[in-house]
Amino acid sequence: MTGRPRVYAAHPVPTYGTLHERRCVAAIRRLLPGAELLNPAGMFASADDWIERWPDLLDDIDALILFADERGVVGSGCLVEVVDAHRLLVPVALLDPATRKLHRLAGLDFPTLPTAWDAARPVAGAVLTWELAPEPPRIREAP
């Protein structure tokens, strides 16, 4: 690796430009002061642009850090990014906004997946929320 490590901060599109995003990005910068942090907010013109450019960007990052929105919602795009990073053995960590700590992920286990969407809570697009499952996902930390 040459230069500073490149770290991609994966997070849901609805968090772009929010106070929550600014706080999480600031926490990551404090935790990894020597890293070049790549924030997808503003990097992509559209979902199609992300689909086209993500594979090349993935080849050029040294780590991926995921954070959810304030309710714990993670979009399907974030899950694609995490799976792709795991597939290429790029280290993945989860930022816990409450503690400002990173947890290295070995994977996410969903003990019971929802069988139906909650009609009382409309979900825009293909969004996976931990609240929709009867049990939250278990985070498997890497040793």
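Note that the numbering runs from 1 along the sequence shown for the chain.
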(request) Mark yes or no for whether Arg53, through its side chain, and Trp50, through its backbone, hold a donor-acceptor pair below 3.5 Å. (result) no
(request) Look at the side chain of Asp62 and the backbone N and O of Val7, then say whether any donor-acceptor pair between them is shorter than 3.5 Å. (result) no
Of all the heavy-atom pairs spanning [X] and [Y], show the shortest one and how long it is.
X     : Y     : value
Ile51 : Pro55 : O-CD, 3.4 Å
Tyr8  : Phe44 : OH-CE1, 3.8 Å
Cys78 : Ala10 : SG-C, 4.2 Å
Pro5  : Gly34 : CD-O, 3.7 Å
Leu58 : Ala85 : CD1-CA, 3.9 Å
Met43 : Asp49 : O-OD2, 4.0 Å

(message) One thing to verify: whether Arg87 and Asp84 come together as a salt bridge, which I'm taking to mean a side-chain N less than 4.0 angstrom from a carboxylate O.
(response) yes
How far does [atom1] of [X] sit from [atom2] of [Y], to the nearest 0.5 angstrom?
X     : Y     : atom1 : atom2 : result
Asp69 : His20 : CG    : NE2   : 6.5 Å
Ile61 : Asp56 : CD1   : CG    : 12.0 Å
Glu21 : Thr15 : CD    : OG1   : 5.5 Å

(message) Taking side chain to side chain contact (heavy atoms under 4.5 Å, CB included) as the criterion, tell me which of Val74, Leu95, Ile65, Asn39 meets it with His11.
(response) Asn39
Check whether any side-chain heavy atom of [X] sits under 4.5 Å from a side-chain heavy atom of [Y], and report yes or no.
X     : Y     : answer
Val25 : Arg29 : yes
Arg23 : Pro97 : no
Leu19 : Arg22 : yes
Leu88 : Asp59 : yes

I'd like to know if [Y] and [X] are part of one continuous hydrophobic network [Ile/Leu/Val/Met/Phe/Trp/Tyr, side-chain heavy atoms within less than 4.5 Å].
X     : Y     : value
Tyr16 : Ile28 : no
Leu79 : Trp54 : yes
Val90 : Val82 : yes

(message) For Glu36, I'd like to know if atom CD has over 12 heavy atoms of other residues, nucleotides or ligands within 6.0 Å.
(response) yes
